[in-house]
2 protein chains.
Amino acid sequence: MQAPKDAVHLLKNAGLRVTPQREAILQFLLDYNGHATVDDIYTSLQDRFPSMSVSTVYNTVKQLSQVGLVKEIGVGDGASRFDINVEPHHHLVCTRCGALFDFYLEEPLRVSVPREAEGFEVEDYHVEVRGICPRCKKQQVS
Amino acid sequence: MQAPKDAVHLLKNAGLRVTPQREAILQFLLDYNGHATVDDIYTSLQDRFPSMSVSTVYNTVKQLSQVGLVKEIGVGDGASRFDINVEPHHHLVCTRCGALFDFYLEEPLRVSVPREAEGFEVEDYHVEVRGICPRCKKQQVS
DNA sequence: ACCTAGATGAGAACGATTCTAAACTACAAC
DNA sequence: GTTGTAGTTTAGAATCGTTCTCATCTAGGT
């Protein structure tokens with residue numbers, strides 16, 4: 001039996017209670033093509049849930065992360081972003097406009113733990129590549 | 001002529017005005033063995049500069065970053081850290097206690113820019129390895 | 001239909017950082 | 001040395017993302 005892909009079943013399979021807000025938030029992330037911030041989610045769902053609080057969005061995305069349905073990515077200083085792509089992957093970040101692009105490593109990283117951290121147990125890693133995205137490059141006054 | 005290593009000359013060579021606060025902040029970072037936060041700097045210099053404002057620390061570390069004398073590293077959510085080690089290097093982060101360790105890659109990363117980001121101009125990259133540091137591993141109740 | 005653990009909502013609180021505006025000072029020019 | 005001024009510092013307010021509190025509400029098992 002394959003795991004179903006609609007929000008309700010994903011929530012149930014993860015052992016989370018199904019509430020309208022959670023369903024909407026997860027569905028939003030499933031439909032959203034990119035890396036949404038809490039505010040993206042919050043403002044996009046204002047129409048359907050005028051009384052939903054930001055706390056609910058924060059609580060929900062945190063729980064979705066915990067059960068592995070979404071991945072939190074925090075690049076630089078700004079707001080955290082939430083990604084429905086939970087496969088291990090990395091990001092290109094535009095230092096001009098903040099745009100974010102996924103990328104995959106051709107081969108896994110070999111980390112040589114330094115002496116002073118001997119015994120460090122690696123859980124995972126994330127590569128943040130900074131640079132200028134094609135759009136911003138075009139807009140450069142040259 | 002080699003570039004001198006004391007704070008005053010470093011500031012001058014970088015074209016920054018030499019103020020007592022700047023000198024003290026840069027000297028603190030030169031002496032500090034690790035990754036200091038703005039608060040570390042601010043509280044450590046309270047004795048010598050009781051009236052120094054946090055803004056000054058923020059302004060100064062920002063300028064020092066801009067001229068390449070220090071490197072800002074932002075891992076996860078907490079406060080930014082500032083590193084006098086400006087060589088390209090990466091970090092192990094303990095997910096329990098937040099401890100930070102430097103590490104170097106054995107070979108440079110090969111980044112394959114995805115199609116949707118064709119033309120992305122890579123400036124630099126930073127690898128954040130998450131895991132459990134040896135100290136926290138020992139303290140685990142098993 | 002009922003009960004209760006868990007979820008929601010409104011707003012306060014928080015920590016990191018940035019902004020503002022007035023007073024001060026490094027340093028180049030005289 | 002004195003002066004002028006652009007750049008710096010200061011205190012505190014403001015901002016932003018996020019977490020907390022607690023009273024109300026509800027999903028879902030019985």
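So you know, we letter chains A, B, ... as the sequences are listed, proteins then strands, and number each from 1.
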Using heavy atoms to find the nearest nucleotide of DNA chain C for B:Pro20 and B:Glu72 separately, return the residue whose nucleotide is more 5′. B:Glu72

Dump every N/O contact between nucleotides 28-30 of chain C and the protein below 3.5 Å, one line per pair.
none

Can you tell me the distance, in whole Å, between the [atom1] atom of [X] and the [atom2] atom of [N]?
| X | N | atom1 | atom2 | answer |
| --- | --- | --- | --- | --- |
| A:Leu11 | D:dG28 | CG | P | 9 Å |
| B:Met52 | D:dG12 | CE | P | 16 Å |
| A:Gln63 | C:dG6 | CD | C1' | 9 Å |
| A:Arg81 | D:dT18 | CZ | P | 10 Å |
| A:Gln66 | C:dG6 | CD | P | 14 Å |
| B:Leu16 | D:dA6 | CG | P | 19 Å |

Atom pair CZ/OH of A:Phe49 and A:Tyr42 - distance to nearest 0.5 Å: 13.0 Å

I'd like to check [X] versus [Y] (side-chain heavy atoms, cut-off strictly below 4.5 Å). Are they in contact?
| X | Y | value |
| --- | --- | --- |
| A:Leu69 | A:Ile84 | no |
| A:Val70 | A:Asp83 | no |
| B:Leu16 | B:Thr60 | no |
| A:Ile25 | A:Leu45 | yes |
| A:Ser44 | A:Phe28 | yes |

Assert yes or no for the condition that the ring centre distance of A:Tyr125 to A:His90 is strictly below 6.0 Å. yes

Could you work out how much the helix from C:dA1-D:dT30 to C:dC30-D:dG1 bends, comparing the axis of its first five pairs with that of its last five, to 10°? 30°

I'd like to know if the side chain of [X] and the backbone of [Y] have a donor-acceptor N/O pair within less than 3.5 Å.
| X | Y | value |
| --- | --- | --- |
| A:Thr95 | A:Gly131 | yes |
| B:Arg81 | B:Glu72 | no |
| B:Ser65 | B:Val61 | yes |

Is any side-chain N or O of B:Ser51 closer than 4.0 Å to OP1 or OP2 of D:dT10? yes

Between B:Gln21 and C:dT25, is there a contact of a side-chain N or O with OP1 or OP2 at under 4.0 Å? no

Which part of the nucleic acid, if any, lies within reach of B:Thr56 when heavy atoms closer than 4.0 Å are counted: base, sugar-phosphate only, or nothing? base

Taking side chain to side chain donor-acceptor pair (under 3.5 Å) as the definition, give me every residue that meets it alongside B:His126, ordered by chain and number, with sequence neighbours left out. B:His91

Under 3.5 Å, N/O pairs linking protein and nucleotides 19-26 of chain D:
residue : atom : partner : partner atom : Å
D:dC20  : N4   : A:Ser55 : OG           : 2.6

More 5' along DNA chain D: B:Arg22 or B:Pro50, using each one's nearest nucleotide? B:Arg22

Please list, by residue number, the residues of residues 33-48 of chain B whose heavy atoms come closer than 4.0 Å to an atom of DNA chain D; answer none if no residue qualifies. none

Not counting sequence neighbours, list each pair that qualifies as a salt bridge (charged side-chain N to carboxylate O under 4.0 Å, His left out) and has a residue in residues 109-125 of chain B. A:Glu106-B:Arg110, A:Glu107-B:Arg110, A:Arg130-B:Asp124, A:Lys137-B:Glu121

Assess the side chains of A:Asp40 and A:His35: does a donor N or O sit below 3.5 Å from an acceptor N or O? no

Any idea which heavy atoms bring A:Ala117 and B:Leu92 closest together, and the distance? CB-CD1, 3.9 Å

